[in-house]
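Sequential numbering from 1 along the given sequence is applied to the chain's residues. Because the structure is a prediction, the values reported are computed rather than measured.
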Amino acid sequence: MQFQPQYRVYIAFFLFAMSTGSLFSRLPDLQTQLSVNKAELGMTLIGMAIGSLISLTFSSPLIVRLGSRVTLAITLLGVMLLLSLIPLLPSAPYVFVTLFSIGLLAGALEICLNVEIGRIEAQVGFGIMNRAHGCWSLGFFVTAVTASLVRQAGIPMQTHMHVLLGTMFVIGAITIAGMKNAPHLVQAGSTDKQPHFALPTLSLLPLCIIGTSAFLIEGAGIDWSTIYMEEAFDVSPFISGSGLTLFAFFMALARLTVDPVVDRYGARLVGRVLLSVAALGIAMAWLAPHPYLALLGFALMGAGCSAVYPMAVSAAAQRTDRPAVINVAAIAQMAFVVFFLGPPLLGFVAEAFGIRNAYLVCLPLVLGSILASGALPVGPARREAVA
């Protein structure tokens, strides 16, 4: 199949979200299958965070050596295969180990996709980072809608995940087969030996804070919205799944349409507006006396955190102090781990203080990100690519 280079990466983002979303959308069923409480479920989910942290710290040199196409084949298809094992596992320790392995692959996949999009942006000459992440959000939206209907119909988690992941595997293999690596970006500055480990520098920390807050909101919305709706309001499976559906829909809608807005008004202004919208959505979900007000809160959370992380990643990729793969890995190291580690920790808060208060925990970091948003560029910036 002949595609523009960015479309294969768009598809990869979509498939990655559909695959992981198949698990997140069935967390209430996984909790029942494992016979664990919310805190114990949170401890089990931490396995993915630990694996991601290790991968995001150490995998950059291997990604450079293998290239994007080979890395994508190993990580994306590997994540799908490992996820298909989870409905078959008998206890939480087995799920923890499997999620740890998934985290190792997912961390490398996150770096690979973001770096590849940064290189393609240099080729095409306009912003596509938010659209790429919009495909991630679109994948979660699709899997949220289908999961709500599937759960309402009483279809078992094993059947749901195996059919979905099998289909995604075939599509992923076909997509990767025709992919070509994008040319590397020009690296300005020092010719000294570059670092092998992706650790954030002091100047990169504000972008890390911004990315971390966005992923904490995303993780809280994706992982706990269904359980929140069920426990706080005792609604039907379809309504409980609507929180995730609205969150993912408005995140996808904003990401798919915001790139021209960022090009016109700059990432700094757009970032501050979006973070403020996210803070309002969190407050509404925390205080909502009625399920429909909570659903509106989840919609605002999705729209508010939509483009924040992609803009932070794009700003990190445009820096010339280190190779793009190192800077992207450094920011993803904190943000992506929070995506997996934050929701389990929120599970402890929910178990101890109630699930409503779990969302309150997100607010201070979001307010800190608004203060740190000065690190985002005033306008778009592009670096040239070389073959």
With rounding to the nearest 0.5 Å, note down the distance linking [atom1] in [X] to [atom2] in [Y].
X	Y	atom1	atom2	result
L275	S369	CG	OG	5.5 Å
L81	T98	CG	OG1	12.0 Å
S84	L164	OG	CG	11.0 Å
S19	L77	OG	CG	9.0 Å
S213	L363	OG	CG	11.0 Å
L296	H290	CG	NE2	12.5 Å

From CA spacing to verdict: side-chain contact (heavy atoms from CB on, under 4.5 Å), I111, S59
CA-CA 9 Å; I111 298 171; S59 65; 3.6 Å; yes

Is it true that a side-chain atom of [X] and a backbone atom of [Y] form a donor plus acceptor pair closer than 3.5 Å?
X	Y	value
H160	A147	no
R8	I176	no
R131	L256	no
T212	C208	yes
R268	L376	yes
S55	G51	no

Indicate, with yes or no, if [Y] and [X] share a hydrophobic cluster defined by side-chain heavy-atom contacts under 4.5 Å among Ile, Leu, Val, Met, Phe, Trp and Tyr.
X	Y	value
L62	I74	yes
L204	L371	no
V163	M80	no
L360	F353	yes
F233	Y292	yes

Can you find a heavy atom in the side chain of [X] that is under 4.5 Å from one in the side chain of [Y]?
X	Y	value
V277	L280	no
P310	R255	yes
D29	M161	no
V142	V145	no
L295	M229	yes
N114	F13	yes
T175	L72	no
V273	Y265	no

What pairs with [X] under side-chain hydrogen bond (donor to acceptor under 3.5 Å, both in side chains), at least two apart in sequence or on another chain?
X	answer
S373	R272
N37	none
Q31	none

Which atom of [X] lies closest to which atom of [Y], heavy atoms considered:
X	Y	value
I282	I217	CD1-CG1, 4.0 Å
M301	A285	SD-CB, 4.3 Å
L207	A312	O-CB, 3.9 Å
L105	G78	CD1-C, 3.5 Å
S306	L274	OG-CD1, 4.1 Å
I102	M48	CG2-CE, 3.8 Å

Please check if the number of heavy atoms outside F96 that lie under 6.0 Å from its CZ is greater than 12.
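More than 12 heavy atoms, drawn from other residues, nucleotides or ligands, come within 6.0 Å of this atom.
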
Members other than V150 in its cluster, when Ile, Leu, Val, Met, Phe, Trp, Tyr link by side-chain heavy atoms under 4.5 Å?
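Joined to V150, directly or through intermediates: I155.
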
Let me know which of L23, L45, V36, L89 forms a side-chain contact (heavy atoms from CB on, under 4.5 Å) with V95.
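Single side-chain contact (heavy atoms from CB on, under 4.5 Å) partner of V95 among L23, L45, V36, L89: L89.
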
Test ring-ring contact (aromatic ring centres under 6.0 Å, His included) applied to F250 - qualifying residues, sequence neighbours left out:
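ring-ring contact (aromatic ring centres under 6.0 Å, His included) check on F250 returns nothing, list empty.
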
Could you check F249, Y359, W286 and say which one makes a ring pair (Phe, Tyr, Trp, His ring centres under 6.0 Å) with F298?
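That would be Y359; it is the only one of F249, Y359, W286 passing the ring pair (Phe, Tyr, Trp, His ring centres under 6.0 Å) with F298.
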
Pair H162-L88, side-chain contact (heavy atoms from CB on, under 4.5 Å): steps then yes or no:
CA-CA 10 Å; H162 283 174; L88 307 175; 3.9 Å; yes

Taking it one step at a time, do F247 and E218 satisfy side-chain contact (heavy atoms from CB on, under 4.5 Å)?
CA-CA 9 Å; F247 183 94; E218 187 171 347; 4.2 Å; yes

Step by step, would you call L365 with I209 a side-chain contact (heavy atoms from CB on, under 4.5 Å)?
CA-CA 8 Å; L365 186 57; I209 294 172; 4.2 Å; yes

E230: which residues meet the salt bridge (charged side-chain N to carboxylate O under 4.0 Å, His left out) condition with it, sequence neighbours left out?
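Salt bridge (charged side-chain N to carboxylate O under 4.0 Å, His left out) check on E230 returns R151.
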
Hey, would you say the Y7 and Y10 ring centroids sit under 6.0 Å apart?
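Yes; Y10 has its ring centre under 6.0 Å from that of Y7.
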
For the aromatic rings, using the six-membered ring if either is Trp, is the centroid distance between W136 and F16 under 6.0 Å?
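Ring centroids of W136 and F16 are less than 6.0 Å from each other.
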
